[in-house]
Amino acid sequence: MSEKINLQLILHMLIGGFICFALLFLLKYLGLVWALTEWILKSSNSVGVLIFEKAQTGYYIITLGLAYLPSGFLGGLYFGRKIEEKMEIYLAFPSVIGFIISLLLEYYLGLRPDYLRGLIIPFLTLAVGSYLGGYTISWRIEEKPEEERISLVLEE
């Protein structure tokens, strides 16, 4: 408890969380992912496939890949660019903040009763995206020492 609270760290966490939420709001809640999926299905004359449960699961996976993962990625990208020390610990917080704001919005819109699909998997996808974004911007390259070459040619 002897460490000071770093207000700059908290500010960047909040900004990263807001970036997560803003992109998630644009892609999921305003329907851009649905519009893209619907356009693809209409182009291939197969909109009726969504009555099947496996196709709905496929749409859910598309939503995870096109909405949650990029949202977490961009939030983590911003946060990883601004904060470099103890990044392994702090990188989850932008996704947590963005997900909590998203849950508050879903609560007022009507939360789904399916906790696995509605809570756990989207949060894990946001967190994975956040870690991917944070480590992308501050990737450390370890240089290997040059290896000695062993030659099997015998010299006389």
Side-chain angles (χ1 to χ4, degrees), residues 1-43 47 49-144:
M1 298 303 278
S2 64
E3 294 182 21
K4 292 183 187 178
I5 296 175
N6 191 350
L7 294 178
Q8 186 178 10
L9 178 71
I10 294 173
L11 176 69
H12 291 305
M13 280 183 197
L14 289 173
I15 292 172
F18 183 73
I19 290 172
C20 282
F21 170 71
L23 193 62
L24 188 63
F25 182 78
L26 283 173
L27 294 174
K28 183 182 175 195
Y29 298 115
L30 289 183
L32 293 180
V33 172
W34 170 248
L36 177 67
T37 307
E38 185 181 31
W39 177 74
I40 291 171
L41 290 174
K42 282 183 179 179
S43 297
V47 175
V49 78
L50 287 175
I51 63 169
F52 299 110
E53 185 178 343
K54 290 185 179 183
Q56 292 172 358
T57 303
Y59 173 70
Y60 175 71
I61 292 171
I62 289 170
T63 303
L64 287 176
L66 290 179
Y68 286 98
L69 198 61
S71 300
F73 182 81
L74 288 179
L77 197 67
Y78 169 80
F79 187 73
R81 176 74 174 108
K82 296 297 183 180
I83 304 297
E84 293 181 4
E85 69 276 350
K86 295 184 184 178
M87 194 173 57
E88 301 87 16
I89 298 168
Y90 298 134
L91 213 52
F93 288 109
S95 61
V96 169
I97 293 168
F99 189 69
I100 287 174
I101 297 171
S102 168
L103 279 181
L104 291 175
L105 180 68
E106 279 190 9
Y107 176 75
Y108 290 111
L109 295 178
L111 181 64
R112 295 178 296 244
D114 187 5
Y115 290 106
L116 183 64
R117 277 188 155 193
L119 295 175
I120 297 170
I121 295 175
F123 171 70
L124 290 177
T125 308
L126 265 178
V128 165
S130 181
Y131 274 98
L132 286 173
Y135 281 115
T136 297
I137 200 70
S138 63
W139 194 267
R140 293 183 184 94
I141 299 175
E142 295 179 12
E143 294 184 15
K144 294 182 181 179

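To the nearest 0.5 angstrom, Leu66 atom CG is 13.0 Å from Trp34 atom CH2. Distance OG1/Thr125 to OH/Tyr68: 8.5 Å, rounded to 0.5 Å. Residue Leu24 holds its CG atom at 10.5 Å from CG of Leu30, rounded to the nearest 0.5 Å. Atom CG of Leu36 sits about 4.0 Å away from atom CD1 of Ile40, to the nearest 0.5 Å. Distance check: Phe18 CZ to Ile97 CD1 gives 12.5 Å after rounding to the nearest 0.5 Å. Rounding to the nearest 0.5 Å places CG of Leu9 at 5.5 Å from OH of Tyr90.
Within 6.0 Å of the CZ atom in Phe25, the count of heavy atoms belonging to other residues, nucleotides or ligands exceeds 12.
Contact between Val49 and Ala55 at its shortest, heavy atoms only, is O-CB, 3.1 Å. Closest non-hydrogen pair, Gly65 versus Pro70, comes out as O-CD, 3.3 Å. Shortest non-hydrogen contact noted between Tyr60 and Pro122 is OH-CD, 3.5 Å. Taking both residues in full, the closest heavy atoms of Gln56 and Leu50 are given as NE2-O, 3.0 Å, listed atom of the first, atom of the second, then distance. Met87 approaches Gly80 most closely through the heavy-atom pair SD-CA, 3.9 Å. The two residues Gly72 and Cys20 make their nearest non-hydrogen contact at CA-SG, 3.8 Å.
In this structure, Val96 and Phe123 have side chains that are in contact, with non-hydrogen atoms separated by less than 4.5 Å. Looking at heavy atoms from C-beta onward, Glu88 lies in side-chain contact with Tyr135 at the 4.5 angstrom threshold. Side-chain contact check for Ile19 versus Phe79: every heavy-atom pair is 4.5 Å or farther apart. Residues Val47 and Lys42 meet the side-chain proximity criterion, which asks for heavy atoms closer than 4.5 Å.
Shown here are the salt bridge (Lys or Arg N to Asp or Glu O under 4.0 Å) partners of Lys54, two or more places apart in sequence or in another chain: there are none.
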Verify side-chain contact (heavy atoms from CB on, under 4.5 Å) between Thr136 and Phe73, making sure each step is shown before the conclusion. CA-CA 9 Å; Thr136 297; Phe73 182 81; 3.7 Å; yes
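Remark: side-chain polar atoms of Ser102 are not paired, donor with acceptor, to backbone N or O of Gly98 under 3.5 angstrom. Formation of a donor-acceptor pair under 3.5 Å by the Ser130 side chain with backbone atoms of Leu126 is not found in this model.
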